[in-house]
Amino acid sequence: MPGAIFWFRKGLRLHDNKALIAAVESRGKKVYPVYVLDPKFVNPKQMGLNRLRFLLECLLDLDYSLRTKHNSRLIVLRGDPTVVIPEQIEAWDVDRLVYEDEPEPHNVERDEAIKAVLKESNSACLVYCTPGHTIWDPKYLLKINNGKPPLTMQSFTTLAEKKADPPARPINAPTAEAMQLMLPRDVPETDKAEGDMYSVPVVENVKDFVALYSSLGVNGDQCTIDEADEKENNAGTPIVKGGETEALKRLSIKVNNRHTWVATFAKPDTAPTAFDPPSTTILSPYLANGSISPRLFYYAILDCYEKNRKENGHAHTKSPTSLMAQLYWREFFTLCGRELPHFGAMVGNSICKQIPWSRDMALLRAWEKSHTGFPWIDSVMTQLRTTGWIHHLARHSVACFLTRGDLWVHWEMGRDAFERHLLDADWSLNNANWMWLSASGFFHQFYRVYSPIAWPKKTDPNGDHVRHFVPVLKDMPKKYIYEPWLAPLTVQKKANCIIGKDYPYPVVDHNTVKNANLTKMKDAYGRHSDGKINWEEDVAQNVSNADKVIQTTGIGEYEYVSKDTHNSGKRKAVAAPSEVDSDENTVKVEGQSSAPKKDKAKDINSKPTRGNRSKILRQTTLEF
DNA sequence: AGGAACGTTGACGGT
DNA sequence: GACCGTCAACGTTCC
Ligand SMILES: Cc1cc2nc3c(=O)[nH]c(=O)nc-3n(C[C@H](O)[C@H](O)[C@H](O)COP(=O)(O)OP(=O)(O)OC[C@H]3O[C@@H](n4cnc5c(N)ncnc54)[C@H](O)[C@@H]3O)c2cc1C
């Protein structure tokens, strides 16, 4: 009998893996577990070292389980799946290709392309796939919602809680006895074997990382990485370790063992500044690549609710803030990403406001590399780059700052940066949340702007997050920790941190740009209601561009130059610190935190005072 | 799950 | 005990 390829894509687990069970039921021992390192995703523009290492840890864990319990191993292929999968189907005498569905349109397209290749070559191989990445089958949710995805969380909640059947119970991982596999002839059992090209690659540092990318045929110039980045990448301290084993352990520690915590969980009350330990579960990296089953998570929460009811007698928190609702957000956004055309771009996306964002590379870089001069923003972005995870409300803060709050940079560029750095990067969730934060889609109260100073103060008045992730500020007095440019020079000297030398001036004056951006948002929104955005024409004109975005998975890979790229060019540092401390009691702090200013500085070349610094700061160098 | 200004309320302690 | 200033906490409104 011919065999089956079981293709792991997401769903990097043996528990609750319906497709895997189906493969074993249909082809017995001859099920070949495969993973494909696809350069379309595994490349430095889209995947940073931390996420790559996380992925490889997940693969190693699968490999280990397959070896120790199932007499098999993970077979890692490299290249374009539409090429390498049909090749191996042919080479290994395979007549079943089995996998768990991926919801993203570009992945669906790839799968269709493979089916087309098989059909064209008159292959006898049949393709079997099952849903499993989400709690409910997206097709089922659509069916019970008149064929359309809900567009608000409230309607999604009604769908989940009032109309949908309870989700399928998670199924256990196959036992060793139930699943004993064999390998194709050319695949050695041990990866120590000479010339084993199927093993999980070892990537410990940037050198290995570049070598791997080259082996996938990634163009050399995409692999350049500067020395500072290399050092930071090598020293990365990812917040969690990858693998199904770790995922299951974490679920029991963070969820199963804490029923009262789970039942009283309210997302807005969790602190974005907490990092040791963080205030939410950090199960997202595992959910993103399926090393934990969302249904296992779902029923773990339900069990907690039940235990809480019996023990504490009070109700659990409700959607949209409860822990269960966090899974609903994932479910909701995944469904939207699957169903709404051009979800990965502004242009051609019917739920996305058309806003004339800039694509200022210098501002983008300042933000991504922690050179904004706003300690909270720089601290969160450092946490993101080094640990691969940040709290949801920290994501709010930095995403708002990059887009409508301060820098007016396109949300797609922020989305791409998150894609690179987040361990939990997920196409649908990332796009949806960036639209949310930039007030482009789902959320429209654009006047709700996060302050990079007031917001972190609420949960971290001492600035411990900043002191940890931006150590150059560790001795800055509490009073100035979020706005060190206001510290008198004597204080800066004492703290060993001179603003403009050891730590940059802020790239913008928050209040000034916030107000200017509010006007731009009003204008952009006004154009929609005035009908000045002509969907028929605009979409027709831009749709080819948007199509390109979708084809390239919606991530990076395309050049779209907005007419509004007015902020580019090199900036010079001209702002200077004040020399004397302001009298705490009598002088109101001006600049960043004062009442709306009426005196707008006219001459950006004049000597900086607090009053006119806003305009000058806009020109602060970004080559810090 | 925004922030700031401004207004109201009520606790507290001093006169 | 009435009266008053102060202040924090909370509510409302606007952008
Ligand atoms: C701009 C921006 C980009 C984001 N990009 C991603 C992304 O690429 N991948 C990703 O998984 N999450 C993303 N999120 C959502 C959210 O911030 C993370 O899912 C969450 O912080 C993960 O931490 P946790 O597992 O501790 O969350 P918990 O609070 O413990 O929640 C449990 C699970 O619910 C899901 N969840 C929670 N919040 C959301 C949400 N807002 N939307 C969708 N699902 C949610 C996650 O799978 C999470 O693991 C983004 C949010 C913002 C504001």
Side-chain angles (χ1 to χ4, degrees), chain A residues 151-157 264-274 278-281 284 317-330 332-333 353 355 374 376-377 380 390-408 411 414 418 429-430 432-461 482-483 486 506 508-526 529 584-586 588-600 614:
Chain A
L151 293 176
T152 64
M153 180 57 171
Q154 211 172 12
S155 52
F156 183 86
T157 302
T264 52
F265 180 97
K267 191 66 163 266
D269 300 343
T270 60
T273 46
S279 56
T280 54
T281 66
S284 52
T317 48
K318 297 266 151 36
S319 181
T321 57
S322 60
L323 188 59
M324 187 64 94
Q326 304 313 304
L327 295 184
Y328 292 173
W329 284 110
R330 174 177 182 272
F332 168 42
F333 288 148
K353 297 277 184 200
I355 296 168
F374 288 91
W376 166 242
I377 301 297
V380 171
I390 49 179
H391 185 277
H392 181 58
L393 298 177
R395 299 182 198 201
H396 274 229
S397 214
V398 296
C400 179
F401 185 88
L402 180 71
T403 57
R404 67 189 165 85
D406 296 76
L407 305 187
W408 199 256
W411 63 265
F418 268 31
L429 275 46
N430 201 14
N433 279 290
W434 274 96
M435 280 189 256
W436 182 293
L437 262 299
S438 59
S440 298
F442 300 110
F443 168 86
H444 300 104
Q445 270 78 35
F446 58 73
Y447 45 81
R448 294 193 189 167
V449 176
Y450 288 89
S451 157
I453 295 137
W455 179 252
K457 257 188 205 165
K458 290 195 209 180
T459 49
D460 186 8
Y482 294 115
E483 35 193 350
L486 295 181
V508 291
D509 176 86
H510 174 67
N511 284 323
T512 308
V513 293
K514 180 186 84 177
N515 291 329
N517 291 350
L518 279 176
T519 310
K520 292 196 229 175
M521 288 301 281
K522 256 182 251 164
D523 182 60
Y525 268 54
S529 46
E584 296 202 27
N585 302 318
T586 57
K588 268 210 157 188
V589 180
E590 291 175 19
Q592 293 291 322
S593 56
S594 67
K597 283 196 292 288
K598 277 158 214 106
D599 57 322
K600 296 272 159 63
S614 56

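Source: prediction; values computed, not measured. The sequence lines fix the lettering, A, B, ..., with proteins before strands; numbering per chain opens at 1.
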Is there a side-chain contact between [X] and [Y], using heavy atoms and a 4.5 Å cut-off?
| X | Y | answer |
| --- | --- | --- |
| F374(A) | V508(A) | yes |
| H391(A) | P278(A) | no |
| K458(A) | T273(A) | no |
| V513(A) | W408(A) | no |
| T459(A) | P272(A) | yes |

Between [atom2] on [N] and [atom1] on [X], what's the gap in Å once rounded to a whole number?
| X | N | atom1 | atom2 | answer |
| --- | --- | --- | --- | --- |
| K514(A) | dC15(C) | NZ | C1' | 8 Å |
| Y447(A) | dA4(B) | OH | P | 16 Å |
| F446(A) | dA1(B) | CZ | C1' | 18 Å |
| N517(A) | dC15(C) | CG | P | 18 Å |
| D269(A) | dG2(B) | CG | C1' | 16 Å |
| N511(A) | dG2(B) | CG | C1' | 13 Å |
| Y482(A) | dG3(B) | OH | P | 12 Å |
| I453(A) | dG2(B) | CD1 | C1' | 14 Å |

Counting side-chain heavy atoms from CB outward, which of [options] is closest to [X]?
| X | options | result |
| --- | --- | --- |
| R448(A) | dC15(C), dG3(B), dG2(B) | dG2(B) |
| S451(A) | dA1(B), dC15(C), dG3(B) | dG3(B) |
| K458(A) | dG2(B), dG3(B), dA1(B) | dG3(B) |
| T321(A) | dA1(B), dG2(B), dA4(B) | dA1(B) |

Contact residues, residues 392-404 of chain A to DNA chain B [heavy atom, < 4.0 Å]: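 Heavy-atom cutoff 4.0 Å gives H392(A), L393(A).
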Name every donor-acceptor pair, under 3.5 Å, that has one atom in a side chain of residues 397-407 of chain A and the other anywhere in the protein, sequence neighbours excluded.
unit_1: S397(A); atom_1: OG; unit_2: W376(A); atom_2: NE1; d: 2.8
unit_1: T403(A); atom_1: OG1; unit_2: A399(A); atom_2: O; d: 2.7
unit_1: R404(A); atom_1: NE; unit_2: L437(A); atom_2: O; d: 2.5
unit_1: R404(A); atom_1: NH1; unit_2: F446(A); atom_2: O; d: 3.1
unit_1: R404(A); atom_1: NH1; unit_2: R448(A); atom_2: O; d: 2.7
unit_1: R404(A); atom_1: NH2; unit_2: L437(A); atom_2: O; d: 3.2
unit_1: R404(A); atom_1: NH2; unit_2: R448(A); atom_2: O; d: 3.2
unit_1: D406(A); atom_1: OD1; unit_2: H510(A); atom_2: ND1; d: 3.3
unit_1: D406(A); atom_1: OD2; unit_2: H510(A); atom_2: ND1; d: 2.6

Sugar-phosphate only, base, or nothing, as touched by W436(A) at under 4.0 Å among non-hydrogen atoms: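 Touches nothing.
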Salt bridge (Lys or Arg N to Asp or Glu O under 4.0 Å) against R330(A), all qualifying residues, sequence neighbours excluded: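 Once residues adjacent in sequence are excluded, R330(A) has no partner under the salt bridge (Lys or Arg N to Asp or Glu O under 4.0 Å) criterion.
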